[in-house]
S.K.: 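What follows is a structure written as C-alpha cells; I'll ask about it next.
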Number of protein chains: 2
Amino acid sequence: MSQSVKLKERWVTGASPIKGKVEQMFFGQYEHNLDAKGRITIPANFREQTLDGVFVTEGFDHNLSVYSKRHFEAIAANLAKTSITNPASRELRRKIFSNSAELSYDPAGRILVPARLREMAQIKGSVVIVGIGDSFELWAVDAWKEQEMRLNDPNADENRWQAFDLTTRGE
Amino acid sequence: MSQSVKLKERWVTGASPIKGKVEQMFFGQYEHNLDAKGRITIPANFREQTLDGVFVTEGFDHNLSVYSKRHFEAIAANLAKTSITNPASRELRRKIFSNSAELSYDPAGRILVPARLREMAQIKGSVVIVGIGDSFELWAVDAWKEQEMRLNDPNADENRWQAFDLTTRGE
DNA sequence: CTTCAATTTGACACTTTGTGACACTTTATG
DNA sequence: CATAAAGTGTCACAAAGTGTCAAATTGAAG
C-alpha cells in the first residue's frame with residue numbers, strides 16, 4: 001500500500017473534528033460517474049468525515065452500505081469475541097465479512113469498490129450516493145429511482161412510519 | 001518510492017504492520033485457480049497480513065481454515081486449557097492438530113496445501129478464498145455456492161443470529 | 001452577473017497481481 | 001542405482017489496480 005503522507009494536504013492532514021458541524025452525519029444525494037476502472041469519487045464532505053477510509057458491505061435493499069471505520073470495527077470486534085465452535089457464529093462471520101471490503105481514498109478522493117460488490121448492486125456507469133445519517137449508501141441509478149418513487153408514493157400506507165417516535169427532544 | 005518493494009523482499013524481510021488499515025482483518029471473497037502442482041495464489045492483501053506464513057487446518061464445514069501464526073497459537077493455547085480427561089477435548093485436539101499444516105509463501109505468493117487436506121475439502125482446479133475477519137477459509141467452488149445459498153436463504157430461521165449482539169456502541 | 005476556488009471527471013501512464021508454462025531440485029520407490 | 005513423482009523457483013504476459021494531471025463543471029462570494 002502506498003504511504004499516503006505527502007498527498008494533497010487537506011484530506012490527509014485534516015484529521016481534526018469538523019469544525020462547526022455535527023460529527024459524522026451524512027446528508028443529501030449525489031449522482032457521480034464511475035471512471036473507466038470503476039472508481040467512484042465520493043463527495044468531498046462525506047470524505048472529510050471518513051478520512052481514514054470506509055467499509056463497504058452488501059446492503060439490505062439491493063444496494064451497498066458504507067460505514068466509517070469506527071462504526072464497523074465495533075461490529076467486527078463483537079463478532080471476533082464469539083467462538084468458532086458455534087456454527088451460527090461461523091455463518092454470521094461469513095455472511096458479514098465475505099461481502100465487505102475495507103477501502104481507502106486515492107489522492108483524487110476516489111474509492112475502488114470490488115467488482116463483485118458493484119455487480120451485486122448492479123452499479124455501472126454511474127451511481128447515486130445517498131446520505132442516511134450515520135452512514136451512506138451506494139445505489140444503481142435505476143434502483144434508486146424506484147426507491148424514491150416508493151418513498152413518495154401518495155397511495156402508500158400513510159401510517160407506515162407511525163411506529164417510529166421522532167420527537168425532537170432528547171431523552 | 002521506498003514503499004513499492006518487490007514481492008521477494010517483502011516476504012523475506014518480514015516488514016511492518018499495515019499502515020492505515022485495521023490489523024489482521026480479512027474481507028471479501030476471491031476465486032483463484034490452482035496451478036498444475038496444486039499451488040494456490042493467496043490474494044496479495046491477505047498475504048501482507050500473514051508475511052510469516054499461515055496455519056491451515058481442517059474446517060468445521062467441509063472446508064479449510066487458514067490462520068495467522070498468532071491466531072493459531074491463541075487457539076492452541078485455549079485448547080491446552082481444556083482438560084484431557086474430557087473425551088470431547090481429546091477429540092477436538094486430534095481433529096485440529098492432526099489435520100493442520102504450517103505453510104509459507106513462495107516467491108510468487110503461493111502456498112502448496114498438502115494433497116490430503118485439499119482432498120478433504122474437495123478442492124481441485126479452483127478454490128474460493130473467503131475472508132471471515134480474523135482468519136480466512138478455502139472452499140471448493142461448489143461447496144461455497146451451497147454455503148452462500150444457505151446464508152442468503154430468506155426462509156431460513158430468522159432468529160438464528162439473534163443471539164449475537166452486534167450493537168455498535170462500546171461497553 | 002462575474003470571478004475565483006474547489007470539486008469532479010476523463011485520459012493516460014505506470015505498477016501490481018494472478019496465471020500458465022517450463023526448468024530445476026528434492027524426495028520417494030523399486 | 002535409475003526412474004518417477006512431488007515440490008520449488010523463475011519468467012513473461014494479460015488483466016486489474018493506482019497515481020497524476022489538466023480540462024470541465026460546480027458552487028460560493030463579491
Side-chain angles (χ1 to χ4, degrees), chain A residues 1-14 18 20 27-51 53 56 101-119 124-129 138, chain B residues 1-12 15 18-21 27-51 53 56 101-119 124-129 138 141:
Chain A
M1 252 302 118
S2 73
Q3 155 62 307
S4 46
V5 179
K6 53 115 201 220
L7 302 174
K8 301 247 158 127
E9 292 110 48
R10 197 176 3 81
W11 63 273
V12 171
T13 60
I18 319 303
F27 297 104
Q29 51 180 281
Y30 307 80
E31 185 172 341
H32 281 185
N33 298 330
L34 310 207
D35 75 5
K37 303 301 183 68
R39 289 176 291 189
I40 299 169
T41 304
I42 299 301
N45 54 343
F46 285 13
R47 234 155 47 212
E48 285 165 8
Q49 300 182 65
T50 52
L51 291 171
V56 178
E102 179 180 12
L103 304 178
S104 50
Y105 295 109
D106 75 6
R110 294 166 301 194
I111 56 175
L112 178 60
V113 176
R116 260 185 51 79
L117 292 177
R118 291 199 315 265
E119 280 155 21
K124 52 184 184 293
S126 61
V127 62
V128 184
I129 303 163
L138 305 179
Chain B
M1 165 115 316
S2 61
Q3 269 302 324
S4 59
V5 257
K6 293 220 216 84
L7 182 56
K8 257 186 212 175
E9 286 110 35
R10 231 184 310 142
W11 64 274
V12 168
I18 320 303
K19 201 163 192 156
K21 298 247 172 179
F27 294 100
Q29 49 181 284
Y30 307 82
E31 186 172 338
H32 280 186
N33 298 330
L34 311 207
D35 74 4
K37 303 302 182 69
R39 289 175 292 187
I40 298 169
T41 304
I42 300 300
N45 54 344
F46 285 14
R47 242 158 37 213
E48 284 167 7
Q49 301 182 66
T50 52
L51 292 171
V56 178
E102 180 177 7
L103 304 177
S104 52
Y105 296 109
D106 75 7
R110 295 165 302 194
I111 56 175
L112 178 60
V113 176
R116 212 167 47 80
L117 290 177
R118 292 199 314 265
E119 279 155 22
K124 51 183 185 293
S126 61
V127 62
V128 185
I129 304 162
L138 305 179
V141 182

S.K.: What residues form a side-chain contact (heavy atoms from CB on, under 4.5 Å) with B:Ser126, not counting sequence neighbours?
M.R.: B:Glu31, B:Asn33, B:Val141
S.K.: Looking only at side-chain atoms of B:Pro107, point me to the closest of C:dT8, D:dG19, D:dT10.
M.R.: D:dT10
S.K.: For the helix from C:dC1-D:dG30 to C:dG30-D:dC1, measure the angle between the helix axis at one end and the axis at the other, each built from five pairs, rounding to 10°.
M.R.: 30°
S.K.: Expressed as a whole number of angstroms, how long is the span from A:Ile129:CD1 to C:dT8:C1'?
M.R.: 11 Å
S.K.: Atom OH of B:Tyr105 to atom P of D:dG7: distance rounded to whole Å?
M.R.: 18 Å
S.K.: Can you give me the closest heavy-atom contact between B:Arg39 and B:Asp35, atom names plus distance?
M.R.: NE-OD2, 2.8 Å
S.K.: What is the separation between atom CG on A:Asn45 and atom P on C:dT8, rounded to the nearest whole Å?
M.R.: 8 Å
S.K.: Could you state the CD-P distance from B:Glu48 to C:dT16, rounded to the nearest angstrom?
M.R.: 11 Å
S.K.: Going by ring-ring contact (aromatic ring centres under 6.0 Å, His included), name the residues that satisfy it together with B:Tyr30, two or more places apart in sequence or in a different chain.
M.R.: B:Phe46
S.K.: CD1 of B:Ile42 versus P of C:dT17: gap in Å, rounded?
M.R.: 14 Å
S.K.: Once you round it to whole Å, what is the distance between P of D:dC11 and CG of B:Asp106?
M.R.: 13 Å
S.K.: Show the atom names and distances, to 0.1 Å, of all donor-acceptor pairs under 3.5 Å that link a side chain in residues 110-119 of chain A to residues at least two apart or in another chain.
M.R.:
| unit_1 | atom_1 | unit_2 | atom_2 | d |
| --- | --- | --- | --- | --- |
| A:Arg110 | NE | A:Asp106 | OD2 | 2.9 |
| A:Arg110 | NH2 | A:Asp106 | OD2 | 3.0 |
| A:Arg116 | NH1 | B:Gln29 | OE1 | 3.4 |
| A:Arg116 | NH2 | A:Asn99 | OD1 | 2.7 |
| A:Arg118 | NH1 | A:Val113 | O | 2.6 |

S.K.: If you round to the nearest 0.5 Å, how far is CD1 of A:Ile40 from CD1 of A:Ile129?
M.R.: 6.5 Å
S.K.: Using a heavy-atom cut-off of under 4.0 Å over every strand shown, decide if A:Ile40 touches base, sugar-phosphate, or nothing.
M.R.: nothing
S.K.: Quick one: what's the B/S/- string for nucleotides 20-30 of chain C, heavy-atom cutoff under 4.0 Å, read 5' to 3'?
M.R.: SB-B-------
S.K.: Please give, in whole Å, the distance from C:dT15 P to A:Leu112 CG?
M.R.: 19 Å
S.K.: List the atom of B:Tyr105, the atom of B:Ile42, and the distance in Å for their closest heavy-atom pair.
M.R.: CE2-CG1, 3.6 Å
S.K.: Within the distance-only criterion (no hydrogens, no angle test), does the side chain of B:His32 pair as donor or acceptor with the backbone N or O of B:Thr41 below 3.5 angstrom?
M.R.: yes
S.K.: How long is the span from the OG1 atom in A:Thr50 to the CD atom in A:Glu48, to the nearest 0.5 Å?
M.R.: 9.5 Å
S.K.: Rounded to the nearest angstrom, tell me the gap between atom NE2 in A:His32 and atom P in D:dA24.
M.R.: 19 Å
S.K.: Is there a side chain to side chain contact (heavy atoms under 4.5 Å, CB included) between A:Val128 and A:Leu138? Walk through the geometry before answering.
M.R.: CA-CA 6 Å; A:Val128 184; A:Leu138 305 179; over 6 Å; no
